[in-house]
Amino acid sequence: MIFLLLGAVFFLAFSNGANDNFKGVATLRKSPHYSYWRAITWATLWTTVGAVLSLWLARRLLPVFSGAQLIGPDIDRLAFLISVACGAALTVFLAARI
């Protein structure tokens, strides 16, 4: 089950990065000041910076929400996390593809 969760999380990270990076490249590419490769480089750089900052923020928020009884005791936590990750990944992936 852990490998399924990791797979869903990696798919979500891939989909989210593809979606965000594409929006950044499309915006920069239409500017007369950026070539295709420069737009790709800038979008990838700032997507990476955003990912690092989100890790910092998540580390700060984890103690705040841990133990807050947000999930009932009768719910299988691992199955719940897998379903949330898969749902989010598919939604973002479809948004990027469409």
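The shown structure was predicted, so the numbers you read here are calculated from the model rather than taken from an experiment.
The OG atom of Ser54 sits 12.0 Å away from the CZ atom of Arg59 when rounded to the nearest 0.5 Å. One distance of note links CG of Leu45 with CD1 of Ile40; it measures 13.0 Å at 0.5 Å rounding. If you take CG on Leu5 and CZ on Phe10, they are separated by 10.0 Å, rounding to the nearest 0.5 Å.
Leu6 and Leu4 fall within the same hydrophobic cluster, where Ile, Leu, Val, Met, Phe, Trp and Tyr residues are linked whenever their side-chain heavy atoms come under 4.5 Å apart, directly or through other members. At a threshold of 4.5 Å between side-chain heavy atoms, the hydrophobic network of Ile, Leu, Val, Met, Phe, Trp and Tyr places Leu81 and Ile2 in one connected group. Linking ILVMFWY side-chain heavy atoms closer than 4.5 Å, directly or via other members, places Leu55 and Val49 in two distinct hydrophobic clusters. When the side chains of ILVMFWY residues are joined at heavy-atom separations under 4.5 Å, either directly or via intervening members, Val84 and Leu90 end up in two distinct hydrophobic clusters.
Ring geometry for Trp42 versus Tyr34: interplanar angle over 60°, hence perpendicular rather than tilted (30 to 60°).
Between Ser15 and Ala89, the closest heavy-atom pair is OG-O, 3.7 Å. Between Arg38 and His33, the shortest heavy-atom contact is NH1-O, 3.7 Å. Between Leu12 and Val92, the shortest heavy-atom distance links the atoms CD1-CG2, 4.5 Å.
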Dump the intermediate steps for side-chain contact (heavy atoms from CB on, under 4.5 Å) on Phe93 and Asn16, then the final yes or no. CA-CA 7 Å; Phe93 182 76; Asn16 194 36; over 6 Å; no
